[in-house]
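We name chains A, B, ... by the order of the sequence lines, and we start the count at 1 in each one.
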Amino acid sequence: MNTAMSRYDPATIESKWQQEWDAAEVFQATSDPKRPKYYVLEMFPYPSGNLHMGHVRNYAMGDVVARYKAACGFNVLHPMGWDAFGLPAENAAMERKIHPGAWTYDNIANMKSQFRSLGLSLDWSREFATCDPEYYGQQQALFLDFLEKGLVYRKAAVVNWDPVDMTVLANEQVEDGRGWRSGALVERRELTQWFFRISDFSDDLLTALDGLENWPDKVRTMQANWIGRSRGLRFGFDLTTPSHGIDKVDVFTTRPDTLMGASFVGLSPDHPLTKALEAENPDLAAFCAECRSVGTSEEALEKAEKRGMDTGLRVRHPLKPDWELPVWVANFILMDYGTGAVFACPAHDQRDLDFARKYDLPVTETFESLSDPQPVTDKALIPPKSEKVRWINHFAGLDIATGDAAIEATIALAEKDGWGTGVTQFRLRDWGLSRQRYWGCPIPVVHCDACGVVPEKKENLPVRLPDDVSFDKPGNPLDRHDAWRNVPCPSCGAPAKRETDTMDTFVDSSWYFARFTSPGAATPTDRSEADYWMNVDQYIGGVEHAILHLLYSRFFSRAMAICGHLPDTAAEPFNALFTQGMVTHEIYQTRDGQGRPVYHLPAEVTDGKLENGDSVEVIPSAKMSKSKKNVVDPVGIVDRFGADTARWFMLSDSPPERDVEWTDAGAEAAHKHLARVWRMANELSESLPKAGESGAEAAPKAVSDAALARITARAIRDVTDGIDGFAFNTSVAKLYAFTAAIAKSKAPDTDRAAALSVLAQLMAPMTPHLAEDVWAKLGGTGLLANQPWPKADQALLVDQTVTLPIQVNGKRRSQLSVAKDMPKDEIEKLVLADPAVQKALAGGTPKKLIVVPGRIVNVVV
RNA sequence: GCCCGAGUGGCGGAAUGGUAGACGCAGGGGAUUCAAAAUCCCCCGCCGCAAGGCGUGCCGGUUCGAGUCCGGCCUCGGGUACCA
């Protein structure tokens, strides 16, 4: 026997079958109205330079679905591209003096070759990068269409400004209120920026969530909370003395029923009245400057210590004009929500209560608990709005009522008496898309002194990014690129200037799925292709995208449908969503001379020690990240074990929606198993008739051995159920068991070969190269990638007898093997005769006897 | 801070409200081998000699029966609108 031929050698078989698939163009998708389509998409990657294990897991899952659906007869679209604009390229440009485009395309080339080694069933003919002018040009066309439909507008908004680097910072570039490079305290600066009118769609985006039945509930809940519809009252507090031409402070509240518990009126540091007061009050100005120095992120604002300052102004209570309330500026009031001003009711709001205690402001209860009437001390009384409470001196005459009823009564009263209006408010804000950066899609407008903001003409698209830029100075290189900026006005022809802001990269990823249906089209989409392929039938990606990316994409699909680029049926673009967990790894750490942590790559650590013998501290698993050096490079794993092993391991053990820990031992076990399957096929192939010999055409078709046939039928059912239910880990477990059963079976080799062929088919979505090799060795005809999915023989799935566990008082004491359809009374007789039951009864009769047919028996004594 | 998840043996995990721990790893024992690697077989939640008891992050509840449902916590993770 030739030893080279008797060992599982993934390097050889993987490249062999990849070439076969390419040559046969198995994965190229062509629209065909006569066939049912299936569009499977994994969130496309950012081209950071290298694939990581999270990618392998994500794309292995998508590949399982794609290959499985193809085997089930669908015309499958499974494309791939690159989310290629973004900050890291500009950082690389600054740090390494390399053009962001060159850096990005190098990374893409590198990652693509890594992708190809994984043997994914991708249609590479549809590949594009969002930084390709052909792509972003169409994105600019979409922007102009949105502009025409009134879906985009400009308004002032605040950004993080680094006064030393003279540049706008992303939230992640702000650390403890300071710029990450300069260390300077950040300031909030107001700029005029472009916004998508996503908030016009708030109601629709919220109610349509109900129809997304194949989305995880958690994602729908998160989106619903994010959109945040709330019913409340908008009304004004009159100032006792008008200030700076302002005589009234408008507030929005979801708890107007607690108005009699009002303690003070609070203003955002960014409220117009605050700003007016600041000009003449240096203390207030200093306080507001401090409030603004924490940056713009909601997290930083909310986590900051709750602080405030009395403005000295007073307002009248709308229900009792002789009741005056102080007006405070407080750092926890957001200008972006409601009116940027609130009234505080400390008795029924924890944050207000903490604030009131700190500044010694009054705390007045407006209702008390029915079950436990206690005065509020340091814990606000906040029962569910559906719970009945006792009202104290309620202005609408309520006594015992729920919060919900009191809110509606208050709104009705306010509207009747004309001092307030019931409104439905959404938390969702319009989507600011302007970015003061180079490496993004240019916003295709021109600023003309005479004509104002003028859209670029569509025939002039794409507005290309200039290549000759430098990153040696802070700020956006487009701002100082006069040759690029200075253009004639598209409308009047006079000298004008291009917009130098580029688009948020979330725009790029909000429609790429639509572009994949016709990546070369001269318009954003080709409607016949989009009509055929949309929607995405299965979308797969990280749960970290649960809100922003998915919500923006839902908005974009609606907007594209309005502009005619997508059918109305694609307003919800993703029929089913699956969110997979992260890949984690232990972290290995030592300390340097100053006690600072030093991290080490897993590859540098053997048995808890470095090469020089130093032992490392093992920190529990965390998401793989470069800075913690707990990354496992897929390239190394593919070189060592093959792509099939990497894929198999990433699909085994952990449920796909949960995090998975990478361990070397697990990878080795996966490899061992694949080698075992290959070996079995190799051995069996030698005992089968060789091609050309008599009987060779009688390649294995069906398993005739009764026991093995039953096992095979069950394996088909169980593995299929696992794939259908996105429980790939249980499919893998069943495949392990099926393999062991074939190995143990005493059935004739032809039967075992037939069973092994089925195993290959079932493994094909996960380990496609190995499966092809086994299939071919066992005499399978054609490419396995083109074979239909095996069908389980239903007759073999039915059990004739069933084992019933017998519980006494809920604890298992015995069991009983009975015919599947034995009547209840017969089972009861057998149960009562059981020695363990007899013993428990001790001569008495059971209080209760529960028989759940086919499942369990419980005797209550 | 707020929103959303997750927590089961030494480890990853399985389990329509119905025998907790499938399958895999690690560990132990054995077979094969001159020896090893590789491979194959068996055992394997904890305490206990045993009978038996205890066990799904913690406390309580519903139920004949709870890992699963409900209430209250704890810890870890994701998001928090300019990271993608």
Whole angstrom is fine here: how far is it from CG in Leu577(A) over to C1' in rC4(B)?
14 Å
For Val860(A), which contact category applies under a 4.0 Å heavy-atom criterion: base, sugar-phosphate, or nothing?
sugar-phosphate
Would the Tyr736(A) and Phe738(A) ring centres measure less than 6.0 Å apart?
no
Could you tell me how far rA31(B) sits from rG24(B) if I compare only their C1' atoms? Round to whole Å.
23 Å
Report yes if a donor N or O on one partner sits less than 3.5 Å from an acceptor N or O on the other, where the partners are the side chain of Gln436(A) and the base of rC82(B); otherwise report no.
yes
Of all heavy-atom pairs between Val732(A) and Ser652(A), which one has the smallest distance, and what is that distance?
CG1-CB, 3.4 Å
Any cation-pi pair here, Arg154(A) with Trp194(A), using under 6.0 Å and within 45°?
yes
Can you tell me which residue pairs pass the side chain to side chain donor-acceptor pair (under 3.5 Å) test with a partner in residues 81-92 of chain A, sequence neighbours excluded?
Trp82(A)-Glu127(A), Asn91(A)-Arg181(A)
Suppose you measure atom C1' in rA22(B) against the same atom in rG12(B); what distance do you get, rounded to whole Å?
13 Å
Paired and unpaired positions of RNA chain B as dot-bracket, Watson-Crick or G-U wobble under 3.5 Å, | denoting a partner strand
(((((((..(((.....[....))).(((((.......))))).(((....)))..(((((..]....))))))))))))....
Is Arg427(A) reaching over with its side chain to a backbone N or O of Trp226(A), donor-acceptor style, under 3.5 angstrom?
yes
Examine rG65(B): is either OP1 or OP2 under 4.0 Å from a nitrogen or oxygen in the side chain of Arg855(A)? Give yes or no.
no
If anything within 90° of 0 is syn and all else is anti, what is rG17(B)?
anti
Would you tell me if any nitrogen or oxygen in the side chain of Ser652(A) comes within less than 4.0 Å of OP1 or OP2 on rG24(B)?
no
Taking only the C1' atom of each, what is the distance from rU75(B) to rA66(B) in whole angstrom?
23 Å
Which part of the nucleic acid, if any, lies within contact of Pro655(A), taking any heavy atom under 4.0 Å across all strands shown: a base, the sugar-phosphate backbone alone, or nothing?
sugar-phosphate
Taking OP1 and OP2 of rG7(B), is either one under 4.0 Å from a side-chain nitrogen or oxygen of Arg658(A)?
yes
Is Phe506(A) touching bases, backbone alone, or none of the nucleic acid, heavy atoms closer than 4.0 Å?
base
Give a yes or no on whether the ring-centroid distance for Phe196(A) and Phe556(A) is below 6.0 angstrom.
yes
What distance, rounded to whole Å, do you find between the two C1' atoms, one in rG65(B) and one in rG18(B)?
7 Å
Ala669(A) near the nucleic acid: base, sugar-phosphate alone, or nothing, with a heavy-atom cut-off under 4.0 Å?
sugar-phosphate
Does Asn809(A) put a side-chain nitrogen or oxygen below 4.0 Å from OP1 or OP2 of rG65(B)?
no
Ring-ring centroid check Tyr512(A) Tyr135(A), cutoff 6.0 Å
no
Of Ala733(A) and Ala665(A), whose closest RNA chain B nucleotide lies nearer the 5' terminus?
Ala733(A)
To the nearest angstrom, how far is Trp439(A) atom CH2 from rA84(B) atom P?
13 Å
Answer yes or no: does a side-chain N or O of Arg714(A) lie under 4.0 Å from OP1 or OP2 of rA22(B)?
no
Separation of Arg813(A) atom CZ from rU19(B) atom C1', in whole Å?
12 Å
Using the C1' atoms only, state how far rG48(B) lies from rC34(B), rounded to an integer number of Å.
45 Å
Nearest heavy-atom neighbours spanning Arg57(A) and Pro655(A):
NH2-O, 3.2 Å
Contact class for Leu804(A) (heavy atom, under 4.0 Å): base, sugar-phosphate, or nothing?
nothing
Integer angstrom distance from the C1' of rG27(B) to that of rC59(B)
35 Å
Whether Lys848(A) contacts rC64(B) is assessed here as follows: a side-chain N or O lying under 4.0 Å from the phosphate OP1 or OP2. Is that the case?
yes
Looking at Glu657(A) and Lys218(A), is there a salt bridge between them, counting it only when a charged N and a carboxylate O are closer than 4.0 Å?
no
Base, sugar-phosphate, or nothing for Val168(A), non-hydrogen atoms under 4.0 angstrom?
base
What is the nucleic acid contact for Trp431(A), judged by heavy atoms within less than 4.0 Å: base, sugar-phosphate only, or nothing?
nothing
Please give, in whole Å, the distance from rG5(B) P to Gln580(A) CD?
18 Å
How close or far is atom P of rG78(B) from atom CG of Leu551(A), stated in whole angstroms?
21 Å
In whole Å, measure the gap between the P atoms of rC44(B) and rG10(B) for me.
16 Å
Kindly give the heavy-atom pair with the smallest separation between Asn160(A) and Asn171(A), and that separation in Å.
ND2-OD1, 2.9 Å
Rounded to whole angstrom units, what separation is found between the CG atom of Asp508(A) and the P atom of rC82(B)?
14 Å
Contact under 4.0 Å: Arg429(A) side-chain N or O vs rA81(B) OP1/OP2
no
Starting at CZ of Phe728(A) and ending at P of rG12(B), how long is that distance when rounded to a whole Å?
22 Å
Between the base of rG79(B) and the side chain of Glu299(A), is there any donor-acceptor pair under 3.5 Å?
no
Taking rU19(B) as the reference, what is the distance to rU80(B) when you measure between their P atoms (whole Å, please)?
41 Å
Distance, rounded to the nearest Å, where Glu683(A) contributes CD and rA38(B) contributes P
17 Å
More 5' along RNA chain B: Asn858(A) or Asp217(A), using each one's nearest nucleotide?
Asp217(A)
Between Thr505(A) and rA84(B), is there a side-chain N or O to OP1/OP2 distance below 4.0 Å?
yes
